[in-house]
Amino acid sequence: MLERPEEVLFVDGYNIINAWPNLQSAKEIDLETARQKLVDIMSEYSALTGVKVKVVFDAHMVEGGRRIIENINGVEVVYTKERETADNYIEKMVESYGKEAGKDYRVRVATSDFLEQRIVLGKGAIRVSARELFYEVNRIFEERRKKEKIMKFQKETLADRLDETTLKSLINRIKGCQA
């Protein structure tokens, strides 16, 4: 049996925030709120799919800024360093995954930046537009909701619906009928 390659998804954070309606409205309130909302969504996505998610935010205009990498709820969140764009960082990382010996990776990059899509395709990654990722995430969340609904319905038996006194009475009657 063939083993599935490990999957890594790089997300161009600001590109996605500016493309998804729910994140655009959060951005109007506060950029930090939009960033946190994106990370929360991607954390849930990662937990449901097993995909390693790395969300990259530009900080290249921050004077004296150093690269910051945090793990937030299973998602690697990267703030680039001064003079390093999210695109630059993602390109370097895509290349490094291709060079890592002994590991088979499926690398995807979520961005609607056409030039960036072409560059990462040339480096062996799969490009995912912001819209495609939006639909994929929503489909996965909807599938989870449907499964939860089915599981909840399956757990509800007659015994689940009866109070303890009625259930004991019913069990005693059944035992009496079997004797």
Side-chain angles (χ1 to χ4, degrees), residues 1-27 31-59 67-80 85-114 116-155:
M1 187 169 126
L2 290 173
E3 198 173 303
R4 251 179 77 184
E6 191 172 332
E7 187 168 338
V8 179
L9 172 65
F10 287 93
V11 177
D12 183 338
Y14 292 130
N15 188 277
I16 300 301
I17 286 172
N18 289 317
W20 288 10
N22 57 331
L23 298 177
Q24 285 174 344
S25 59
K27 180 182 160 194
L31 188 55
E32 180 57 33
T33 301
R35 283 193 296 254
Q36 188 56 55
K37 193 169 186 175
L38 174 60
V39 171
D40 290 345
I41 290 167
M42 297 316 300
S43 174
E44 192 171 348
Y45 169 86
S46 178
L48 291 169
T49 62
V51 173
K52 285 185 177 182
V53 177
K54 299 172 185 289
V55 179
V56 184
F57 294 108
D58 283 311
R67 183 181 302 141
I68 298 170
I69 300 175
E70 304 174 315
N71 188 306
I72 301 173
N73 299 324
V75 172
E76 185 175 289
V77 179
V78 179
Y79 295 92
T80 63
T85 65
D87 292 350
N88 296 145
Y89 179 83
I90 290 169
E91 290 163 19
K92 281 187 247 173
M93 294 309 296
V94 166
E95 211 169 284
S96 74
Y97 275 92
K99 292 178 182 175
E100 191 169 324
K103 274 281 198 178
D104 188 17
Y105 290 103
R106 179 174 185 242
V107 180
R108 298 190 308 150
V109 176
T111 182
S112 287
D113 179 327
F114 182 71
E116 183 62 9
Q117 289 177 349
R118 294 189 51 100
I119 291 169
V120 298
L121 276 169
K123 294 181 182 289
I126 299 165
R127 68 115 188 115
V128 181
S129 71
R131 184 178 8 184
E132 289 169 327
L133 184 62
F134 181 78
Y135 288 125
E136 179 182 341
V137 166
N138 285 309
R139 179 185 52 78
I140 287 168
F141 288 5
E142 183 60 30
E143 285 174 7
R144 185 202 61 214
R145 281 190 285 277
K146 285 179 183 176
K147 284 180 186 176
E148 287 174 349
K149 197 174 189 178
I150 290 168
M151 288 175 61
K152 183 181 179 197
F153 179 75
Q154 288 174 342
K155 287 181 180 179

Gap between atom [atom2] of [Y] and atom [atom1] of [X] - 0.5 Å precision:
| X | Y | atom1 | atom2 | value |
| --- | --- | --- | --- | --- |
| Ile140 | Ile41 | CD1 | CD1 | 13.0 Å |
| Thr85 | Glu91 | OG1 | CD | 6.5 Å |
| Leu9 | Glu136 | CG | CD | 7.5 Å |
| Tyr14 | Asn18 | OH | CG | 9.5 Å |
| Trp20 | Asn138 | CH2 | CG | 7.0 Å |
| Lys37 | Leu23 | NZ | CG | 6.5 Å |

For this session: Salt-bridge test for Arg139 and Glu142: reply yes if a basic N is under 4.0 Å from a carboxylate O, no otherwise.
Result: no
Problem set entry | Electrostatic pair Glu132:Arg108 at N-O distance under 4.0 angstrom | no
Problem set entry | Tyr135 OH: over 12 foreign heavy atoms closer than 6.0 Å | no
Exercise. Taking atom CZ of Arg131 as the centre, does the number of heavy atoms from other residues, nucleotides or ligands within less than 6.0 Å exceed 12?
Worked result: no
Problem set entry | Test side chain to side chain contact (heavy atoms under 4.5 Å, CB included) applied to Tyr89 and Lys92, step by step | CA-CA 5 Å; Tyr89 179 83; Lys92 281 187 247 173; 5.7 Å; no
Which heavy-atom pair separates [X] from [Y] by the least distance, and what is that distance?
| X | Y | answer |
| --- | --- | --- |
| Ile16 | Ala110 | CD1-O, 4.0 Å |
| Ala26 | Ala34 | CB-CA, 3.9 Å |
| Gly13 | Val55 | CA-CG1, 4.0 Å |
| Lys27 | Ile17 | CD-CG2, 3.9 Å |

For this session: List the steps and the verdict of side chain to side chain contact (heavy atoms under 4.5 Å, CB included) for Thr80 and Asn88.
Result: CA-CA 9 Å; Thr80 63; Asn88 296 145; over 6 Å; no
Exercise. Taking atom types as modelled and ignoring hydrogens, do the side chains of Asp40 and Ser43 form a donor-acceptor contact shorter than 3.5 angstrom?
Worked result: no
Any non-hydrogen side-chain atom of [X] less than 4.5 Å from a side-chain atom of [Y]?
| X | Y | value |
| --- | --- | --- |
| Leu48 | Phe141 | yes |
| Asp87 | Asp12 | yes |
| Leu31 | Phe57 | no |

Exercise. Between the side chain of Gln117 and the main-chain N/O of Thr111, is any donor-acceptor distance below 3.5 Å?
Worked result: yes
Exercise. Testing Asp113, Val107, Val109, Val11 for side chain to side chain contact (heavy atoms under 4.5 Å, CB included) with Ile90, which one passes?
Worked result: Val109
Problem set entry | Residues in side chain to side chain donor-acceptor pair (under 3.5 Å) contact with Lys123, at least two apart in sequence or another chain | Glu95
Listing, residues 70-79 side-chain donor-acceptor contacts under 3.5 Å, not counting sequence neighbours, or none:
unit_1	atom_1	unit_2	atom_2	d
Asn71	OD1	Gly74	N	3.0
Glu76	OE1	Lys54	NZ	3.2

